[in-house]
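For reference, the structure discussed in these notes is given below.
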Amino acid sequence: GNDAVEGGDIYTEKPIEIMNSIFNPNGKKAGFGGSVYTKDETYIENCTFTGYNANSKGGAIYTQKNLFVTNSKFTNNTAGEGGAIYAYTARTVIDFSTFISNKATSGHGGAVYANKYTHLGNSTFIANTAENRGGAVYTDFIQFKDHVTFINNSGKGHGGAIYVAGKGTEIGPGSFSELNAGNGSA
């Protein structure tokens, strides 16, 4: 496989829409964004990312602008931080998506690391792990709308499912089960 410093499959500095695609690494690795590295708005719809590895951040996706993910699946992706997604953005919106067995091997956010506003809706997080905080999600502000489910996620630091570093949290309908953390399981 081919290795890259940024974006094992896709690197762009322009807005991008990725739809109806299945991504597999075929042995390649990247430092940031195992599959996708973007510097502008990113739209992911009806996509699957399986088995990606980033040495640093964003096992499958690393983005520096707004990120919108809909009806997508992230499975067995690994990175130091943000096992599936590392979003260094103003806004991360995830709806109707599933995150299973993603890992942050040295830091925060087993499935998702988002340093600003994060919206979750109708999504499921199962068996994601973080070496530090936020077994499933690490963010500064989180908003749940509609049904979000967390099952068997774990963080060795704080927040078995979610760690909110900032001041904002709005939680709507959701469920939490079988969570583990060094401190504070949800």
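For clarity, every value in this text was computed on a predicted model and none was experimentally measured. Just the heavy atoms: all of them, side chains too, but no hydrogens, waters or symmetry mates, feed the values below.
A side-chain donor-acceptor contact under 3.5 Å links H108 to the backbone of R133. Proximity of a side-chain donor or acceptor of N128 to a complementary backbone N or O of N102 within less than 3.5 Å is detected. Distance alone, capped at 3.5 Å, places no donor-acceptor pair between the N152 side chain and the A127 backbone.
Screening residues 48-57 for side chain to side chain donor-acceptor pair (under 3.5 Å), with sequence neighbours left out, gives D9-Y52.
In this structure, the side chains of N153 and F99 stay at 4.5 Å or more apart for every pair of heavy atoms. Taking the side chain as every heavy atom from C-beta outward, N46 and M19 never approach each other to under 4.5 Å.
Aromatic ring centres of F150 and F144: separated by under 6.0 Å.
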Anything under 3.5 Å between a donor and an acceptor, one on a side chain of residues 110-117, the other on a protein residue two or more places apart or in another chain? List them.
from: N115; atom 1: OD1; to: T89; atom 2: N; distance (Å): 3.2
from: Y117; atom 1: OH; to: Q143; atom 2: OE1; distance (Å): 2.4

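Legend: residues meeting salt bridge (Lys or Arg N to Asp or Glu O under 4.0 Å) with E45, ordered by chain and number and at least two apart, are absent. Applying the side-chain contact (heavy atoms from CB on, under 4.5 Å) rule to T38 yields the partners T12, I16, V36, T42, T63; only residues at least two apart in sequence or on another chain are considered. Legend: residues meeting side-chain contact (heavy atoms from CB on, under 4.5 Å) with Q64, ordered by chain and number and at least two apart, are Y37, K39, Y62.
Counting Ile, Leu, Val, Met, Phe, Trp and Tyr side chains that sit under 4.5 Å apart, directly or through other members, Y43 shares a hydrophobic cluster with F68, V93.
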